[in-house]
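All chains are named by letter (A, B, ...) in the order of the sequence lines, taking the proteins before the strands, and each is independently numbered beginning at 1.
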Amino acid sequence: MNLISVGLAVVAAAALVGATAGALAQARTRPLVAGAATAVVGLGGVLAGVAALGGQTWSLTIANLLPLAETTFAVDALSGAFLVLIGAVAITAGIYSVGYTSPGGAHATDEDDAAPGHDEVVAHDGVDAHDDVPGPAKAAASRTAQAVLPLFAAAMLLVPAAASVSTLLVLWELMALTSLVLVLAEHRLRRSVRDAGLWYAGMTHAGLVAIMLGLVVLAAGAGGESFAAMRAGSAGLSPATASCVFLLVFLGFGSKAGMVPLHVWLPRAHPEAPSHVSALMSAAMVTLGVYGIIRVGFDLLGGGDGWWWLVVLAVGAVSALYGVLQASVAADLKRLLAYSTTENVGLMLIGIGAAGVFAAEGNRVLAGLLLAAAVLHAVNHAAFKALLFFGAGSVLRSTGLRDLDRLGGLVSRMPVTTALFAVGALGAAGLPAGNGFVSEWLLLQGLIHSVTGATAPSVVVALSMPLAVAVVALTAGLGVATFVKAFGVGFLARPRSVAATGATESPLSMRVGMGLAAAACTVLALAPAVAGAPLGRLLDVLPSVRGGAPLARSDVSLRLAGIAGSMSPLLIVVGLLVAALGAAALVRRVTRGAPRRATPVWGGGSTRLSPRMEYTATSFAEPLTRVFDDVLRPEKDIDVTPFAESEFLIASISYRQRVPDRVEARLYPPLLAAVGRWGQWSRGIANGSVHRYLAYGFIGLLVVLVVVGITS
Amino acid sequence: MTAAGVVGVLVQLAVVVGGAPLLVGLMRQVRAVLEGRAGAGIGQPWRDLRKLLKKEAIRPEGTSWVFTSGPLVLFASTLVIAAVAPFVSTASPLDGVADLFAMVSLLLLGTVALTLAGLDTGTAFGGMGSSREVTIAALAEPTILLAGFALSARVGSSNLADIVAGTLAAPAQVLSPATLLAAVAFAVVVIAEAGRLPVDNPATHLELTMIHEAMILEYAGRDLAVVELASAMRLTVLLGLSVNLFVPWGVATSSAPLALLGATAVFALKVGLLGAVLATFEVFIAKWRLFRVPELLAGSFLFGLLAVSASFFLA
C-alpha cells in the first residue's frame, strides 16, 4: 500500500464528505465541520507529499472518468514539495476558519470603518436580519462558502498530482471556480467584492485559455496528452513551436502566480476574500502557477532555450520590484500583503529564470542551487504569508479594520496575535531569525557565484546577474520597510480609532492555526538544512538540472555543495539570544534590577499627545513615496474650504493621497475598451437571422476543411 | 573549536565592546580640536555610559515589550557581527556562521529593532525618525550587497575570512578597478548606515534634522546606555569591516597569542585612523537635506554596479 495513494485518497474522501456535511450541517456546527474537513484534506496532502519527497512515486490512470480522455495522476518529488506546501497551509487554514467563521467579532455595520478606501457600501440588511451573527463571519460561514472550502483545498492538492493535460485543466478550473465562490462570499456586504470577483474570474480564465492553448499545441506536437508522452515527444518539437508553447504556458501560469502585469486581480481579490481564503489563495494557490512553470519548462519541455529563462528572470525582477514598491506604500493591510505576494513570486521567478539560464549553459550546480532556492522560497512564503493573512484576519474580525492608518495599540489588546504576526513579518522581511532570510540568502548565493565557474561567464550572465542581485537587494530593503510599517504602525503604539481601541483577542482555534503556521516558520528559519535531501530529490525529476544536492547536510550550518558558502541560521539565532539575554542580565546586575518608571511620553512641551499626532502608515511611507515618485505617481488632492465671509479665513483643509496601481491604470482600460469595441462590432454580425447563422456554420466548416487540406 | 580560536573570538569581542566608545570619543575629540574647542577627552563616552547606568530608566506609557527589547536586539545583532567578522584573525572558528550577506542582514535587524521601538512610543518624533531611518536603510541595502558581490566575485565566496585571506594572498587586487569602485560604494553606505554626516548628524538634537536621535528620544538610563554602546559598536564594526575588506594587512592568519596581540594593535590603529579621517571630513561638510540622501545612495549604487561589472569584464 503506497502512502501517497493513502494520502490522496484521504484528500478526496475528506473533501467529498466535508462538502456534503458542510452543505447539510446546521449553522452552529458548520464552521467546525468545514474547518475540520479542510484540515483533514490538508493532512492527507502533507502525508502524500512527505512520502513523495521521501522518494516514493505513484501513478494512477482511470479510464472513464472524463469523456474522451483518461484521467491520469502521477506524483513525484516535485509534486510532493507542492503537496506538502498546500497541505500544510490547508491544515492551518482549516483550523483557523473554525474560529474565523463562528459568531463574534466586530460588527461590520460600522461601514465607514470596515471598508477603508471604498467609496460605496451596499446595504446589507438582508444579511443581518435573521439572527445576531455579524456580517463577515456570517457571510464566510454561509452554507455555500463552507461547503466549498474543503473542495477548494482538495482541488489545489490534486493539481500537482495531475499527469495529463485534460486532468490538469479540469482540476485547474475546479480550483479556479471554487476559489471564485469563496472570494465572492461577502458579496452582499461590499460592492468591491463583486468587482474583485469579476477581475479574478476574468484573469483566471484568460490564464486558463493561455495554458490550454500552450498545452494543446504541445500535446499535438508530442503525440499524446499524458505528461509521459509529452516528456518523450517534446524533443521533436521545432524550436519555434516549443518557444510558443513555453511563452503561452508562462503567461497562463503567470497570471495565476500574480506576476506583473497580470497581477491586477491579487490586490483586489485577496483583500475582499474572507481571511482564511486569502491565506489559502495567496500562500498556496499562487505557488501553483510557479509549479506549472517549473513542470512545463524544466520537465515537459526539458529545459529549453536560455532566452526563455531570461524572459522569466526579467518578468520576475519587474514583479519583485513593482510588488514591493506598491506594498511599501499601501495602507490597507491585506492589500499590502497581496502586493507582497507579487513581490515574493517575483523573487521565485528570478530564481527559476536564473536557474534556467544556467541550465541552458550547462552549469548544473548553480541551476540546481537556484531552483532549490526558488522552491524553498515558495515554501517559506507559504508559511509566513499564511500566518500574516491569518493575523490580518484576526485584526479584521476583532476590529472590522484593514486600514493601517486607523489601527494601532493591538500589542496590549491582542498580545498573541501581535507576537505571531511579528514572527510572520520577520520572515517576510527577510531578516535573520525569520524564514524568508534563508531562501533569499540562497538566491543571492546562486546569483553571485555566476562569476566563479570554471569557464568565464557569458556576456548575458555578466550583464543580467548583477542586475538581478541589485533587484533582490532592493526588494529585500523595501520589504523591510514594508513590514516595519505593517507591524509597527498596525500593532504598536496607541490605537488610532475607536474600533481599534475595542479590539479583543481572537478565539482559541484562530490562535492555534496561527501558532501552527508560526511554528512552521520557526522550523524553516532555524533548520533549513533538513530540506536539503528532499530538494535534491526534487531536482532529480528535472532533466536539465539533475544531479547533485544543492545543500550539503551538516549539523547546524547551511553549506552549499559544489561552491563555497556557508551560513548557520541556528547559530546566528543562538548567538543573538545569548548576547541579548547576557546583556540584559548584566545591565540588570549593574543597576540592581531597579524597575523602569512609567511616565507619559515627552510631548515636546505640550501636556498630552493625542493619537492623531502619531505617525500613520501613509506618513511612514511618505519618504518612499517621494523617492519613487516617478514610478508610483501618487495622486494628491488638497481641498481648502474658506468661510463664507472671507476667502482668507480657512474653515477646513482636507488632504487626500492615493497611490493607484499604474500598471493597471495604464494597461487595462485601453485593453478593456478594445475588447468592448470588438464586442459591439460583432453584435452586427449576429443579427438574429437563422439563415445567416447557418451560412456562418457552413463557411466555418469550409475554412476548417481547407486548412486541414493544406496542412496535412 | 580550539581553545586558541575561542580566545581569538573573545579578544575580538573585547576590542569591539571596549574600544567602541573610545572610537566615538576619539572622533569627537578630533572634531573638537579642529574646531578650536578643548574637547572632553576620548574617555568621555565611557564616563557617559557609567553615568547613564546610574540613572533611572523610563517606560513611556503605552509602550510594550518591543520598546524595552529594542536596545537589546540592537546590541545583540552588533555583538554577533563583532564575534564573526575577521577583525583580528581570519582563523576564527565562527567564520562559517555568517557571511557578508548575513552580516548585512544582521545590521538591518538592529536597525529594525530601533525603528519598531521608535514607532512603539507613538510620538511624532519616534515615527518620523523610524520612517527616515528605514527609508535610508532600504536604499542602502542594494549598494552594500553589490559591493559585497564585487568583493566576493574574485575569491568565489562571500565569507569574510575568504575575502580577507584572498586579498592578503594577492595584494595587487586592492588596486584593481573592481575593488576601488567597491570601496567608494562601501564608504558611502557605511556613512549612511552609521548615521554620520552628511546623511545624519550624530550631534544634533534639533527636531527636524535628526534621524537616529529621533527614534531613541524616549530612552533613558540603562536603556539609553545600551543604545549608545550598541551604536558606537555599530560604527566600530562598520569601520572595521571597511578597513579589513579593503586594507586587510595586519590581520592574523593564525590564533597564536603573539599574532593576536599584534593584530589587535594594528586593527585598533587602522580603525582609529579611519575614524579620525572621517571626523576630519565631517568638520568641512554640513548635513544634507533628507531628500538629497537618496541621490547620494543612488550614486553609490552606480559605483557598486560598476564594481561588479568591472569584476566580470576586467578580471
- Candidate pair B/Ser158 and A/Gln445, rule side chain to side chain donor-acceptor pair (under 3.5 Å), full reasoning: CA-CA 8 Å; B/Ser158 58; A/Gln445 288 294 331; 2.8 Å; yes
- Query: Any side-chain heavy atom of A/Trp441 sitting closer than 4.5 Å to one from B/Asp99?
  - Reply: yes
- Query: Do you know the tightest heavy-atom contact between B/Glu218 and A/Val601?
  - Reply: OE1-CA, 3.8 Å
- Message: Is A/Ser412 close to chain B through its backbone or its side chain, or both, or neither, when contacts mean heavy atoms under 4.5 Å?
- Response: neither
- Between CD of B/Glu141 and CG of A/Leu478, what distance do you get to the nearest 0.5 Å? 9.5 Å
- Message: I want to check something: taking the side chain as every heavy atom from C-beta on, are B/Ser130 and A/Val484 in contact at a cut-off of under 4.5 Å?
- Response: no
- Query: Checking heavy atoms, do the side chain of B/Phe301, its backbone, both or neither come under 4.5 Å from chain A?
  - Reply: side chain
- Task: Could you tell me which residues in residues 469-476 of chain A have at least one non-hydrogen atom under 4.5 Å from a non-hydrogen atom of chain B, sorted by residue number?
- Result: A/Val469, A/Ala470, A/Ala473, A/Leu474, A/Ala476
- Taking A/Arg596 for the side chain and B/Glu56 for the main chain, is one N or O donor matched with an acceptor at less than 3.5 Å? no
- Residue list, side-chain hydrogen bond (donor to acceptor under 3.5 Å, both in side chains) with B/Thr78, at least two apart or on another chain: none
- Message: I need the minimum non-hydrogen distance between A/Ala579 and B/Leu79, along with the two atoms involved.
- Response: CB-CD2, 3.7 Å
- What part of B/Ser69 lies closer than 4.5 angstrom to a heavy atom of chain A: side chain, backbone, both or neither? neither
- Task: Under 4.5 Å heavy-atom distance to chain A, tell me which part of B/Thr63 shows up: side chain, backbone, both or neither.
- Result: neither
- Item | Which portion of A/Arg626 sits near chain B, non-hydrogen atoms under 4.5 angstrom | side chain
- Item | Mutual orientation of the aromatic rings belonging to B/Trp65 and A/Phe487 [parallel < 30°, tilted 30-60°, perpendicular > 60°] | tilted
- Query: Can you name the closest pair of heavy atoms from A/Pro623 and B/Thr135 and give their distance?
  - Reply: CB-OG1, 3.5 Å
- Considering only heavy atoms, which portion of B/Leu305 lies under 4.5 Å from any heavy atom of chain A: side chain, backbone, both, or neither? side chain
- Note on the structure: Pair count under 4.5 Å, heavy atoms only, with chain A: among B/Ala98, B/Ala102, B/Ala83, highest is B/Ala102
- Kindly say whether A/Ala493 contributes a backbone atom to a donor-acceptor pair with the side chain of B/Asp120 at under 3.5 angstrom? yes
- Item | Under 4.5 Å from any heavy atom of chain A - which part of B/Val84 | neither
- When you measure from the side chain of A/Ser568 to the backbone N and O of B/Val97, does any donor-acceptor pair fall under 3.5 Å? no
- Message: Restricting to non-hydrogen atoms, name the atom on B/Val80 and the atom on A/Ile572 that form the minimum distance, rounded to 0.1 Å.
- Response: CG2-O, 4.4 Å
- Query: So what's closer than 4.5 Å to chain A heavy atoms on B/Ala137: side chain, backbone, both or neither?
  - Reply: neither
- Query: Is any side-chain heavy atom of B/Val134 less than 4.5 Å from a side-chain heavy atom of A/Leu624?
  - Reply: no
- Is the number of heavy atoms from other residues, nucleotides or ligands within 6.0 Å of OH (B/Tyr219) greater than 12? yes
